[in-house]
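Report on one structure; see the data block that follows.
Heads up: numbering here begins at 1 and tracks the sequence. Because only heavy atoms are used, hydrogens play no part in the values below, and waters and symmetry mates are left out as well, while side chains stay in. Ligands are counted one by one from 1 in listed order, and the atoms in each one are counted from 1 as well.
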Amino acid sequence: MAIMSTLLISLLILSFSSSSTSLSSNYYAKTCPNVESLVRKAVRDAATSDKKVPAALLRMHFHDCFIRGCDASVLLDSKGNNKAEKDGPPNVSLHAFYVIDDAKKAVESACPGIVSCADVLALAARDSVVLSGGPSWDVPKGRKDGRTSLASETIQLPFPTFNISQLQQSFAKRGLSLEDLVALSGGHTLGFSHCSSFKNRIHNFNSKTGVDPSISPSFAAGLKKICPVNSAKNAGVPMDPSSTSFDNKYYKLIFQQKALFSSDKALLDMTKTKNLAANFASSKDAFTKAFIKSMIKMSSITGGQEVRKNCRVVN
Ligand code: HEM
Ligand SMILES: *[C@@H]1O[C@H](CO)[C@@H](O)[C@H](O)[C@H]1NC(C)=O
Ligand SMILES: *[C@@H]1O[C@H](CO)[C@@H](O)[C@H](O)[C@H]1NC(C)=O
């Protein structure tokens with residue numbers, strides 16, 4: 001009887017501790033010591049032939065973490081009747097999934113069945129920042145991969161039309177603060193935006209004016225030229241003029257009324273977020289420190305259960 005109840009208690013403790021994932025920097029030190037260099041090589045190789053890769057991987061990680069936690073749900077392919085996240089409405093911006101496949105393949109041949117796809121993606125996002133001239137940091141590891149990915153859940157992502165209170169709410173739901181919101185929005189120093197993401201600001205803004213009055217007129221004129229009412233589906237602009245280099249220019253631009261999205265401009269609509277943005281605009285170092293802290297926080301939202309063999313399908 002005593003043995004039985006001890007066994008039962010041990011089992012209970014075991015199942016409880018395995019469902020709450022705890023992350024650590026040296027998680028794979030014994031089981032897959034080369035994981036970091038294998039992922040870094042795959043990301044570096046891909047970025048060498050395609051400069052758009054780092055931005056894609058940073059955004060992919062953000063999308064992953066905001067839906068069901070960082071559980072690689074964003075990597076699953078649609079199957080049968082199930083339409084996956086990557087085929088949901090904001091999919092136009094997600095690309096370069098092949099880089100994660102390559103990294104995972106390399107990791108699987110070195111240490112099969114050990115490293116989760118969610119960890120591979122978190123490492124790839126950090127490596128993307130480093131490759132773009134940004135800071136490096138230790139990525140906590142030990143995430144598990146989820147078994148569910150639903151296109152219908154992508155509406156839980158923040159929209160580029162969001163105002164500051166909607167952004168605050170979206171981040172707070174994930175345990176992220178206003179400081180995290182301002183620091184992580186700095187990810188928009190990298191990459192490309194399609195016209196569809198900001199056309200609300202340059203055509204039929206409201207009943208009084210066609211163009212958002214908070215956009216610099218010369219900047220708005222340039223955007224309208226590239227993005228007329230019926231612009232091509234793939235038309236768009238770089239997120240900032242130095243869109244392959246990770247810097248704090250994004251914050252300078254929003255103060256020059258050259259923010260691309262309403263959600264970028266919205267950071268100036270609340271005293272607290274405006275002060276943070278001003279601090280990041282004037283100090284690259286302050287931005288860098290805050291970005292690292294918030295990336296670690298965002299990438300530590302966990303959610304999965306297994307270590308997927310192939311990032312595109314559940315085991
Ligand atoms: C605050 C809420 C956010 C909103 C509303 C938002 C919205 C968007 C939109 C609409 C695009 C352009 C998609 C397109 O037209 O192709 C974009 C691109 C991008 N976002 Fe965000 N985003 C947010 C936060 C973040 C965060 C937290 C990160 C990462 C730390 C991030 C990183 C990126 C990157 C790197 C791109 C460029 C992607 C590429 O070039 O492939 N964003 N975002
Ligand atoms: C993106 O999502 C839309 C709407 O759900 C879908 O019709 C389209 O096929 C998807 N595109 C890609 C490239 O996956
Ligand atoms: C933001 O938008 C929501 C929904 O449209 C609205 O209820 C709220 O009042 C707006 N907040 C601000 C600060 O504009």
Which bit of [X] is near ligand 1, meaning a heavy atom under 4.0 Å away: side chain, backbone, both or neither?
X: Leu94; answer: neither
X: Phe171; answer: side chain
X: Ser193; answer: both
X: Ala55; answer: both

Contact check: [X] vs ligand 1, nitrogen or oxygen atoms, below 3.5 angstrom:
X: Ser263; value: no
X: Lys52; value: no
X: Ser196; value: no
X: Arg59; value: yes

Parallel, tilted or perpendicular: rings of Phe287 and Phe280 (30°, 60°): tilted
In one Ile/Leu/Val/Met/Phe/Trp/Tyr side-chain cluster, 4.5 Å: Tyr251, Ile215: no
same_hphob_cluster(Leu121, Phe97) at 4.5 Å side-chain heavy-atom cutoff: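 Per the 4.5 Å side-chain linkage, Leu121 and Phe97 are co-clustered.
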Ser294 side-chain N/O to Phe291 backbone N/O, donor-acceptor pair under 3.5 Å: no
Lys199 side-chain N/O to Ser231 backbone N/O, donor-acceptor pair under 3.5 Å: no
Ion pair Lys141/Glu36, N-O distance below 4.0 Å: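 Salt bridge present between Lys141 and Glu36.
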Carboxylate-amine/guanidinium contact Glu306 Arg147, below 4.0 Å: yes
So for [X], does at least one of its heavy atoms come nearer than 4.0 angstrom to any atom of ligand 1?
X: His61; result: no
X: Phe261; result: yes
X: Thr189; result: no

Under 4.0 Å from ligand 3 - residues by heavy atom, chain and number: Asn163, Ser165, Gln166
Atom pair CZ/OG of Phe62 and Ser299 - distance to nearest 0.5 Å: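 With rounding to 0.5 Å, CZ (Phe62) is 13.5 Å from OG (Ser299).
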Quiz item: cation-pi between Lys52 and Phe192, 6.0 Å / 45°: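 The answer is no; the distance or angle limit is not met.
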